[in-house]
Number of protein chains: 2
Amino acid sequence: MSPSIKDVAVRAGVSVGTVSNVLNHPERVTENTRAAVLSAISTLGFVRNSSAAQLRAGTSRSLGLIVLDLSNPFFHDVARGVEHVADELGYAVVLCNSDDQTARENRYLQVLEEQRVRGVLITPIEVSSDRLDALRRRGTPAVLVDRHDPRVNCCSVAVDDVAGGELAGAHLVAQGHERIVYYSGPPNLSQCADRLTGLRRAVASAGLDPDEAVEVVEVPVMNARSTHDLARARFADGDDTPGAFCANDLMALGVLRAALSTGRRVPGDLALVGYDDIEFAADAAVPLTSIRQPTQQIGRAAAQLLVEECDNPETHAHQQVMFKPELVTRDSTTPE
Amino acid sequence: MSPSIKDVAVRAGVSVGTVSNVLNHPERVTENTRAAVLSAISTLGFVRNSSAAQLRAGTSRSLGLIVLDLSNPFFHDVARGVEHVADELGYAVVLCNSDDQTARENRYLQVLEEQRVRGVLITPIEVSSDRLDALRRRGTPAVLVDRHDPRVNCCSVAVDDVAGGELAGAHLVAQGHERIVYYSGPPNLSQCADRLTGLRRAVASAGLDPDEAVEVVEVPVMNARSTHDLARARFADGDDTPGAFCANDLMALGVLRAALSTGRRVPGDLALVGYDDIEFAADAAVPLTSIRQPTQQIGRAAAQLLVEECDNPETHAHQQVMFKPELVTRDSTTPE
DNA sequence: ACTCGTGAATGAAACGTTTCACGATCTCCA
DNA sequence: TGGAGATCGTGAAACGTTTCATTCACGAGT
């Protein structure tokens, strides 16, 4: 078995309390004894048992973060933001990937609660989850990431998707395109629906009729291949709509490839706007105009809200933070 | 404070030992008492305190996984493989991202050891790390991922990079290209060096002189943009080498864009091979021929080795597993 | 010489589990 | 009827920390 604080105490000729003080309150201990204890620690190779420490202390300094999909750069950046703030404030982050499976999400919530994390950051699969409600009822604060709670029962941090759609729409209209295809994901995803709302709003405020100017194409799986296949079929059928807006960049890359391989010039024949501004957007065959979300900031803000709630449970007031997205213009809409 | 096993015991009218049995050995307990205990648990909203459990049990059922860079799809897939196996064997995985910083790597090693994880899977920044040696000396098994230990002191799982380079080289030569540019990363990375070795070997065994047929271009940062800039400059200078092999797919995408934008046809004027077969390779402007590594399998194998060592510490013999990469042929080398 | 105050170290209690040797109760059969 | 098993449940000990009231040692001030 690995040596305990007791072994260290014996070796250094002091009591266990003193060893603990060296570890946690070095200033309470004399230079000499501290040195003796530290040397005992290193010769024995002592490593503190955090289970015991946390059991006694009753509370941990760690946060749980449950994201939908770590392979999505969006969530990866969010996580980075969270870790950064947590680091600064002396919290550890337990990173969990629910992979869009309710079973996994629930399991992780259970594990995090058993570990007595101070709080949880989560992009839930369903906005209202019994498991999550129970957690919060028992006193573990939670913050929603990239989602809003319809009943405003906890803090949340998200991005204004309507505004994002509006940015894209306004940009396309400003380039003179009066007909736009919107490649959407499943319409029950609020992100997809909101972006469409924004797009239609932009079109309307340019004096066009949204019902005529905007055509919605629902793509079942929001990836490049699936979108490519759909778009290619449309192009083969003679689709010559001059503008396209995609619910994410991967989809836009699919449309781009379909367009180029059917002899269309981008942006000459087709102006294309994506969403998310993923790293590769700038490096695509035609660099992609996209809507950038402040991903790291989302993570940072969420972590700050959570820690604030953990530290001041009584005075805390729930907040719904909403960031604004930003248009990044590249070759896919603006001729060089 | 949240209710403890004691509160549950009182509520259900049984002893704490019985509650513990319901939790851990349900078969030792009568149908009736089990029901009573479970109902007490749910009305009180009891959640087991894993610190206490682990403290008493002395050992945990969790593994640590430290990767270099979670934003790299390669490591993401490895992690997926690890989680899958761990799940099956009833282990939890603590996922850590060292982000290529020694300080972070050391901090995580410390945390994992304090948590008394059963074992650690790691892609270390330096192959020989004092911190890691110490960990293993104190009895926590470790397995190297995507690295080999020169002193064969622990298990490791990696991919044969020489073979990968050879595959790429043989393929390009078979297509009739007798001059090849190798876009390499920093040559002190064994991955880059090994792939070059393989490439030269393939060229040589086709009867060509490697020194003449292979030109090495060192790209300082292994991403798309940096490679694009370098390649574009070369193309502008009139480079007309018919074959190119890149140390990873992002670099290949950079070369691809540079080639297309300077009017070259791919594969007509330039045949291009990448490495890693990242998800986007198939969806690039010209779908990319690439060398696929069995990423998930790496993770699975590593996890299996680790668990094996954890379960049979005495009989265990260290193994160095080496996977073979695979050529995936797409349009960037084969005319349609 | 005596007390007081201060700073350092002590040691026992407590945290919430799991474990295990030990009772209690019941069943079955001689 | 009695005793041997088998089956359930009990309760105290133990895990390795942290905390905190207490003790100790040592100078300074009267």
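Lettering of chains follows the sequences in order, A, B, ..., and the numbering in each one begins at 1.
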Using a heavy-atom cut-off of under 4.0 Å over every strand shown, decide if A57(B) touches base, sugar-phosphate, or nothing. nothing
Under a 4.5 Å cut-off applied to non-hydrogen side-chain atoms, are E126(B) and E105(B) in contact? no
Of dT18(C), dT10(D), dT18(D), the nucleotide closest to the side chain of V16(A) is dT18(D)
Check the pair Q110(A), E114(A) against side-chain hydrogen bond (donor to acceptor under 3.5 Å, both in side chains), reporting the backbone distance first and the verdict last. CA-CA 6 Å; Q110(A) 177 77 25; E114(A) 290 187 354; 3.1 Å; yes
Counting side-chain heavy atoms from C-beta on, which of dT10(D), dT17(D), dT17(C) comes nearest to N21(B)? dT10(D)
With a 4.0 Å cutoff (strictly under), does any side-chain N or O of S15(B) reach OP1 or OP2 of dG9(D)? no
Over all atoms of both residues, closest heavy-atom pair of A142(A) and R136(A): CB-CD, 3.5 Å
Can you check the R34(B) CZ to dC8(D) P distance for me, whole Å? 10 Å
Give one of base, sugar-phosphate or nothing for G58(A), where a contact means two heavy atoms less than 4.0 Å apart. nothing
To the nearest Å, how far apart are I41(B) CD1 and dT17(C) C1'? 13 Å
Take the protein atom CG of N49(B) and the nucleotide atom P of dC15(D), then report the distance between them rounded to whole Å. 18 Å
Check whether any side-chain N or O of H25(A) sits under 4.0 Å from OP1 or OP2 of dT19(D), and answer yes or no. yes
Nearest-Å distance for atom pair CZ/P, residues R116(B) and dG16(D): 9 Å
Whole-Å distance separating the CG atom of L23(A) from the C1' atom of dT19(D): 14 Å
For dT18(D), does either OP1 or OP2 sit under 4.0 Å from a side-chain N or O belonging to S20(A)? yes
Figure out the CG/P separation between L55(B) and dA14(D), and round it to whole Å. 14 Å
Select base, sugar-phosphate, or nothing to describe what T30(A) touches, counting heavy atoms under 4.0 Å on all strands. sugar-phosphate
Is T33(B) close enough to dG9(D) that one of its side-chain N or O atoms is under 4.0 Å from OP1 or OP2 there? yes
Nearest to the R56(A) side chain among dT10(D), dA12(C), dC15(C), which nucleotide is it? dC15(C)
Starting from P on dT19(D), measure out to CD1 on I5(A) and report it in whole angstrom. 11 Å
What is the nucleic acid contact for S4(A), judged by heavy atoms within less than 4.0 Å: base, sugar-phosphate only, or nothing? sugar-phosphate
Could you check whether atom CG of N188(A) has more than 12 heavy atoms from other residues, nucleotides or ligands sitting under 6.0 Å from it? yes
Using a strict threshold of under 4.0 Å (side-chain N to carboxylate O), is an ion pair present between D311(A) and R118(A)? yes
Under 4.0 Å from OP1 or OP2 of dT18(C): is there any side-chain N or O of N24(B) that close? yes
Rounding to an integer number of Å, can you tell me how far E114(B) CD sits from dC15(D) P? 20 Å
In short, Y108(B) meets N97(B) closest at the heavy-atom pair CE1-O, 3.6 Å
Which nucleotide, dT18(D), dT17(C), dG16(D), lies nearest any side-chain atom of R48(A)? dT18(D)
